**Q** 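Dumping the structure here so I can ask a few things about it.
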Amino acid sequence: MCLGIPGRIIAWVDKASLMAMAEVSGVRRAVNVACVAGEDPIGKWALIHVGFAMALIDEDEAARTLEALRDLGEAQEAVEQMRAADLALEAAP
Amino acid sequence: MKFASEFRDPALARALLSAIADKADALGASRAKPLHIMEICGGHTHSIFRYGLDKLVHEGIEFIHGPGCPVCVLPMARVDECVEIAERPGVIFTTFGDAMRVPGHRKSLMQAKAGGADVRMVYSPLDALELARRNPEREVVFFGLGFETTTPSTALSVQQAAREGLRNFSVFCNHITVPEPIKALLDDPDMVLDGFIGPGHVSMVIGVHPYDFIARDYGKPIVVAGFEPTDLLQSILMILTQVAEGRAAVENQYGRVVPEHGNPVSLAAIDDVYEKRPSFEWRGLGEIDASGLRIRPKYRAFDAEEKFGIGYARTRAPVPEIAGCECGKVMVGKLKPTQCPQFGKGCSPEMPLGALMVSSEGACAAYWQYGSRVAAE
Ligand code: SF4
């Protein structure tokens with residue numbers, strides 16, 4: 001939970017609320033980019049933490065971090081949590 | 001664990017290990033008289049075990065696993081309160097997966113869910129916001145826990161809910177901060193620490209200056225570090241170098257991610273939404289001054305403590321932790337997990353008695369999964 005995961009910010013979803021589409025380990029998810037919106041984040045890599053892009057990083061840093069997170073099992077866990085969350089949104093009461 | 005030869009940069013790892021060994025020898029560190037280095041962040045604890053750094057470094061370096069896993073430091077009473085809120089009719093209780101299996105006195109959130117409460121695992125507080133939009137007739141509560149890395153996400157979500165005028169969304173705020181428990185540890189006369197590995201992603205938010213007091217007032221080195229094995233080794237070397245030179249400073253090994261002054265947008269959101277509590281209860285550490293955050297009165301409508309009348313300092317009486325657990329002593333590094341009488345007996349990752357066994361960032365789960373140096377020999 002405490003480690004961010006690198007993802008690539010690919011397009012705006014809603015610029016007004018600073019939501020953009022990110023690709024994280026093959027999964028697409030809308031993330032909030034308020035914390036990195038100082039420079040245009042589209043096309044850049046970011047460390048994404050619980051749905052928020054927290055820092056822009058370069059491509060090499062992204063690759064190295066992803067490798068470490070895969071070793072730790074954290075990358076898989078983050079992706080599973082994203083998938084599980086999509087189900088949670090649908091689940092009937 | 002991995003072998004150094006499997007690291008991304010084995011030559012660098014070997015060079016660092018040998019430089020650490022030289023410095024440790026020069027400082028006279030040995031297994032009998034080790035230097036104690038505390039990694040504060042649970043992510044670092046996990047990384048140290050995963051890569052076997054505790055076994056690869058010179059035997060005169062001993063890692064003390066700090067209180068930096070937010071799930072592990074959560075008192076049982078907070079879990080009880082989560083369950084109490086989740087069991088209210090009409091509530092959808094949302095949480096990160098890590099918190100689901102943390103035992104409470106009566107039950108965990110997982111057990112509450114099995115018993116019929118609507119508890120949902122989400123990836124982000126933004127998912128909880130979306131649930132609130134889709135279910136206007138329900139009360140959606142998000143369990144806000146974690147250190148400064150997570151705090152901005154709930155703060156920004158509360159701001160967003162306020163902008164949208166969402167009336168059925170609230171945060172059960174149990175956020176905590178990193179510098180205050182370090183101060184508490186340094187004030188403990190029984191703690192012998194020679195230096196700290198500072199948390200990487202927390203520092204990405206708060207920057208490096210909140211640690212100044214560690215070097216200035218307590219004369220201990222602290223190096224903010226990344227999560228790769230070579231990051232950690234490099235930080236250890238930087239700490240030993242400071243010790244050898246008789247210096248104590250805050251240094252940043254993870255400058256590629258951690259800006260000196262942190263992230264201004266995150267810090268502004270935290271400051272807007274939260275204020276410090278006079279004190280907060282930590283599992284294993286007790287009450288620590290100014291170590292917890294609560295929602296400011298101007299965002300009262302989004303504060304689950306206000307909405308449900310439940311929460312820290314509102315619960316009738318403090319509830320004791322379970323007898324026989326040594327979580328508290330393990331948490332501050334006074335006992336190794338294997339020295340807890342429950343380790344592997346009453347307590348395992350399948351049936352955790354204490355939170356240190358739940359999360360991969362907890363020292364007990366890490367020992368269970370990867371073993372310790374002593375056990376490896
Ligand atoms: S083994 Fe279980 S009970 Fe003992 S300290 Fe670890 S988590 Fe707590």
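Every chain is numbered from 1 and lettered A, B, ... according to where its sequence line falls, protein lines coming before strand lines. Remember, it's a predicted structure, so these values are computed and weren't measured experimentally.
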**Q** Considering only heavy atoms and a distance below 4.5 Å, find which of B/E130, B/R134, B/R163, B/Q160 pairs most often with chain A.
**A** B/R134
**Q** With a 4.5 angstrom heavy-atom cut-off, could you sort out which part of B/D127 is near chain A: side chain, backbone, both or neither?
**A** both
**Q** If you tally heavy-atom pairs under 4.5 Å against chain A, which of B/T94, B/I92, B/L126, B/D231 wins?
**A** B/L126
**Q** Show your working on ring-ring contact (aromatic ring centres under 6.0 Å, His included) between B/H175 and B/F147 and close with a plain yes or no.
**A** CA-CA 6 Å; B/H175 285 300; B/F147 291 100; 9.6 Å; no
**Q** Measure distances from A/D58 to the heavy atoms of chain B and classify the residue's part below 4.5 Å as side chain, backbone, both or neither.
**A** neither
**Q** Is B/M204 in contact with chain A via its backbone, its side chain, both, or neither, using a 4.5 Å heavy-atom distance?
**A** side chain
**Q** So which residue, A/M54, A/E61, A/R64, A/R29, ends up with the most heavy-atom pairs under 4.5 Å with chain B?
**A** A/R64
**Q** Is it the backbone or the side chain of B/V205 that comes under 4.5 Å from a heavy atom of chain A, or both, or neither?
**A** side chain
**Q** Keeping the roles fixed (side chain from A/R8, backbone from A/W45), state whether a donor-acceptor pair exists under 3.5 Å.
**A** no
**Q** Indicate yes or no for a side-chain donor-acceptor contact from B/N252 to the backbone of B/Y254 under 3.5 Å, with no hydrogens or angles considered.
**A** yes
**Q** Kindly say whether the aromatic ring centers of B/H201 and B/F227 come within a distance under 6.0 Å.
**A** yes
**Q** Give the ring-plane orientation class for B/H65 versus B/Y367, where under 30° counts as parallel, over 60° as perpendicular and anything between as tilted.
**A** perpendicular
**Q** How many angstroms lie between atom CD1 of B/I176 and atom CG of B/N174, to the nearest 0.5 angstrom?
**A** 8.5 Å
